[in-house]
Amino acid sequence: GELAFLGAPELVRLLSDASRAMCEGEIGQIERRFHFDLSEEEYLSFLDKKTASLMAASCRAGGAAAGLSRKQQEALETFGRRLGVAFQIVDDILDLEGDEAVTGKTLRTDLQHGKMTLPLIRYRDRLGSRSERKKFCESLRDGAGGFSGLIGKIRDAGAIAESRAKARLFVDEALRALDELPGHPARQILSDVAHRLTLRRF
């Protein structure tokens, strides 16, 4: 409403499109619960919609409000999109091995709700046989006895470390996008935000 009042229809459209994408991504992920064949590409597309789209639009809107050039606005949009994906990957990692006292939220909910996240996808793809994958899916479906043993296997297989590395790649891409803002005071602030939201949570 505030943007409409200010006479910024392009920004209204930008944020409304992002809100719609966010809902589509959330609904898509909910619909794919307990579908343990989810691909990494599908997973990333959900993240791009449900988290990254809104961060991208918000960053671009901030650039537009600050009077930055279209190229700089696009760079900010890229920054927000890449950072949004990285943030969600980190959040999914923390759901597996975070400390509830530190994160301030109930953990292991992705496992309980049958959501395939990057560490689970990477672990599943490392399993060599159909029987191993079937056993893995069954353990996700029933959750008998808790998930601590499974999380240990996922960690030992290197799937969590791989997921951290993937998040870092997205953060690196986000930070490279800020090269379009040389000397701008917002550049360091945004860089610090990226590190606080992602890398420092490891």
Check your understanding: Does the pair Lys50 and Gln88 meet the rule for a side-chain contact (heavy atoms from CB on, under 4.5 Å), with working shown?
Key -> CA-CA 9 Å; Lys50 79 171 194 175; Gln88 190 61 64; 3.7 Å; yes
Return the [atom1] to [atom2] distance between [X] and [Y], rounded to the nearest 0.5 Å.
X      : Y      : atom1 : atom2 : answer
Glu97  : Ile154 : CD    : CD1   : 10.0 Å
Gln72  : His184 : CD    : NE2   : 7.0 Å
Ser148 : Leu150 : OG    : CG    : 9.0 Å
Ser191 : Leu178 : OG    : CG    : 6.5 Å
Thr117 : Ile93  : OG1   : CD1   : 8.5 Å
Leu127 : Lys134 : CG    : NZ    : 14.5 Å

Taking every non-hydrogen atom, the tightest pair across [X] and [Y]:
X      : Y      : result
Leu190 : Phe79  : O-CZ, 3.4 Å
Leu76  : Gly63  : CD1-CA, 3.6 Å
Cys59  : Gly80  : SG-CA, 3.8 Å
Ile121 : Ser39  : CD1-O, 3.9 Å
Phe147 : Gln112 : CE1-CG, 4.0 Å
Pro119 : Ala159 : O-CB, 3.3 Å

Can you find a heavy atom in the side chain of [X] that is under 4.5 Å from one in the side chain of [Y]?
X      : Y      : value
Lys166 : Leu44  : yes
Arg70  : Arg60  : yes
Leu120 : Phe36  : no
Leu68  : Leu181 : yes
Tyr123 : Ile160 : no
Ile151 : Leu111 : yes
Val90  : Thr198 : yes
Met55  : Leu197 : yes

Keeping the roles fixed (side chain from [X], backbone from [Y]), state whether a donor-acceptor pair exists under 3.5 Å.
X      : Y      : answer
Asp48  : Arg81  : no
Arg124 : Leu38  : yes
Arg126 : Ala157 : yes

Review point. Given Arg155 and Leu96, is the side-chain contact (heavy atoms from CB on, under 4.5 Å) satisfied, shown in steps?
Key: CA-CA 9 Å; Arg155 185 186 302 111; Leu96 290 178; over 6 Å; no
Review point. If two hydrophobic side chains count as joined below 4.5 Å and joins carry through other members, does Val193 share a cluster with Leu175?
Key: yes
